[in-house]
Number of protein chains: 2
Amino acid sequence: MPGTLDEADQRLLNELIVTKRRVRRGDYLVRAGDKLEMFFLVKAGVFKSFVVGDAGDTQVTAFPMQGDLIGFDALDTGTHHTSIVALEDGDACAISYSDFERVARSSAAVQRRFMHLMSHELVNEQRMMLLLGTMRGEQRLSRFLIEQSARYLRLGYSPTEFVLRMTREDIGSFLGLKLETVSRLFSRFQQAGLIKIDQRSLKLLDIEALRQLSTQ
Amino acid sequence: MPGTLDEADQRLLNELIVTKRRVRRGDYLVRAGDKLEMFFLVKAGVFKSFVVGDAGDTQVTAFPMQGDLIGFDALDTGTHHTSIVALEDGDACAISYSDFERVARSSAAVQRRFMHLMSHELVNEQRMMLLLGTMRGEQRLSRFLIEQSARYLRLGYSPTEFVLRMTREDIGSFLGLKLETVSRLFSRFQQAGLIKIDQRSLKLLDIEALRQLSTQ
DNA sequence: CGCCAACTTGATGGCTGTCAAGTCAGGTGG
DNA sequence: CCACCTGACTTGACAGCCATCAAGTTGGCG
């Protein structure tokens, strides 16, 4: 969902990369309120980014994974608005913000690429707003599954069989549902023969049906 | 909500402005699917930008008004993903995309400013996701009113008395509610003495109470 | 082996959507 | 200038989806 880089982009950014950071499950890459010092490019593992409202309620905004570049929201004020935590052990490359600024000044390609990535994220968030504002639970969850499938496919993994790295509560927060609703929907999908789910191991049995559900 | 420019920014962009365009209520600045040729800077009037899903349902994503720069979502693919329509007569400055690219290449200030504006929009959309994902009708509408108030204040208008330019349905779509729910909430707010509303003429009688409602 | 977080499933209630009817305001045409 | 018409709005009745509360199960980790 966040800006995703292809290989050419990653080469482009090679000179920006300062440190590779190994993270363990539960480690925070960024906490809301932190000063912008680094962007991060996810190399391995699945993360969760979320915002916290005045009332203390949280909304998961994305599940960044391999190839995703994160931290754009901090460009605005120089302060991060989202927190980013690792859902499993992984790696992330830190890109120094000041390095980025310096390189962007001289490289039109870098600035262009960053703007495109940000624009892409804008579009994604608009799609999320559509989901949250107009769809019902069934559609939301089926869209989520299809999207996860597409992401794993793009990374060269099986699009029909993968392990969810987030809890039901995380999924619920992402989709604007409660964890019980997510659990019930999974059960219903399984009963309908659309998926096979055991804890977090997931098989998509009928993607076409899921796709239809998601666009109804 | 979209990237908002202060006066210094606007001077910065002066050389980019190609044409000033007068629009009438109902005119489209942009239709989803259009090629990116122009950004628009709103000079007068209130607009509505929205996305349309596969199922045909629409989600209002913003109500751009004076000082707002719109069209960022098109940088990604070169194609607009949102449609933008005027809710009342107004003016918008068109900024040619190719001009922008040329100027951005030479002016670090311009590119920086654009990135900041996009980042700001990202943060706004994340806040919207929080609203749509976690809040109930009462909170959503009170937040909407407070935000409208703040925007009019920033433009030098009364923050407590203004005219809504959008229909109940538009508000509902923006907030993920149905128009009847919006109407009922307005009535309830009025009965509680928080607002005075007659058609689209609105007075905020107790902003503090509204603020509390929105953060509960 | 035991504990705890994660998950599932059931019962119940409430918020909001849906359907419906009626009012109101503004614009158009006669 | 007025009547009409249409879109916007309000309000009511009802239903359904999802949240909430609760209890029990499972699996992983120390």
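Chain identifiers are assigned alphabetically (A, B, ...) following the order of the sequence lines, protein sequences preceding nucleic acid strands; residue numbering begins at 1 within each chain. Here the structure is a predicted model, which is why all the values come from computation and not from measurement. Values reported hereafter were calculated over all heavy atoms of this structure, with side chains retained and with hydrogens, waters and symmetry mates removed.
Put simply, CD on A:Gln139 is 14 Å from C1' on D:dC18, counting in whole angstrom units. What separates CE of B:Met166 from C1' of D:dG7 is a distance of 17 Å, to the nearest Å. Here the P atom of nucleotide D:dC29 and the CG atom of A:Asp89 are 11 Å apart, to the nearest Å. For the pair B:Gln190 CD and D:dC9 P, the interatomic distance rounds to 14 Å; values are reported in whole Å.
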Expected rows: protein N/O vs nucleotides 19-25 of chain D N/O, under 3.5 Å:
residue	atom	partner	partner atom	Å
D:dA19	OP1	A:Lys178	N	3.3
D:dA19	OP2	A:Lys178	N	3.2
D:dA19	OP2	A:Thr181	OG1	2.3
D:dT20	O4	A:Arg184	NH2	2.9
D:dC21	N4	A:Glu180	OE2	3.3

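In this structure, a donor-acceptor pair under 3.5 Å is absent between the side chains of B:Thr215 and A:Asp54.
Looking at B:Glu121, B:Arg151, B:Lys43 one by one, the single match for side-chain contact (heavy atoms from CB on, under 4.5 Å) with B:Asp68 turns out to be B:Arg151. Only one option out of B:Leu210, B:Asp206, B:Ile207 pairs with B:Ile195 in a side-chain contact (heavy atoms from CB on, under 4.5 Å); it is B:Leu210.
Applying the salt bridge (charged side-chain N to carboxylate O under 4.0 Å, His left out) test to pairs two or more places apart or on separate chains, those with a residue in residues 179-198 of chain B are B:Glu138-B:Arg188. Identified under the salt bridge (charged side-chain N to carboxylate O under 4.0 Å, His left out) test for residues 71-94 of chain A, with sequence neighbours left out: A:Arg22-A:Asp91, A:Arg24-A:Asp89, A:Glu88-A:Arg165.
A:His80 contributes atom NE2, which lies 12.0 Å from atom OG of A:Ser49 (distance to the nearest 0.5 angstrom). How far CG of A:Leu185 is from CZ of A:Arg140: 10.5 Å, rounded to the nearest 0.5 Å. In this structure, CZ on A:Phe114 lies 8.5 Å from CG on A:Leu75, to the nearest 0.5 angstrom. To the nearest 0.5 angstrom, B:Met135 atom CE is 5.5 Å from A:Asp57 atom CG.
For A:Ser173 (side chain) and A:Asp170 (main-chain N/O), no donor-acceptor pair under 3.5 Å exists by modelled atom type. Formation of a donor-acceptor pair under 3.5 Å by the A:Thr19 side chain with backbone atoms of A:Arg21 is not found in this model. In terms of modelled atom types and a separation under 3.5 Å, the side chain of B:Glu125 and the main chain of B:Leu122 share no donor-acceptor contact.
Contacts between residues 191-200 of chain B and DNA chain C, defined by a heavy-atom separation below 4.0 Å, involve no residue at all.
In this structure, A:Ser183 reaches the bases: a heavy-atom distance under 4.0 Å links it to at least one base atom across the strands shown.
Note that the first and last nucleotides of DNA chain C, 5' to 3', having any atom under 4.0 angstrom from a heavy atom of chain B are C:dC15 to C:dC19.
Rounded to 10 degrees, the angle between the two end axes of the helix from C:dC1-D:dG30 to C:dG30-D:dC1 is 40°, with five pairs used at each end.
Ring geometry, A:Phe39 versus A:Phe72: the interplanar angle falls from 30° to 60°, so the pair is classed tilted.
Taking for each of B:Phe186 and A:Arg25 the nucleotide of DNA chain D with the nearest heavy atom, the 5'-most of the two is the partner of B:Phe186.
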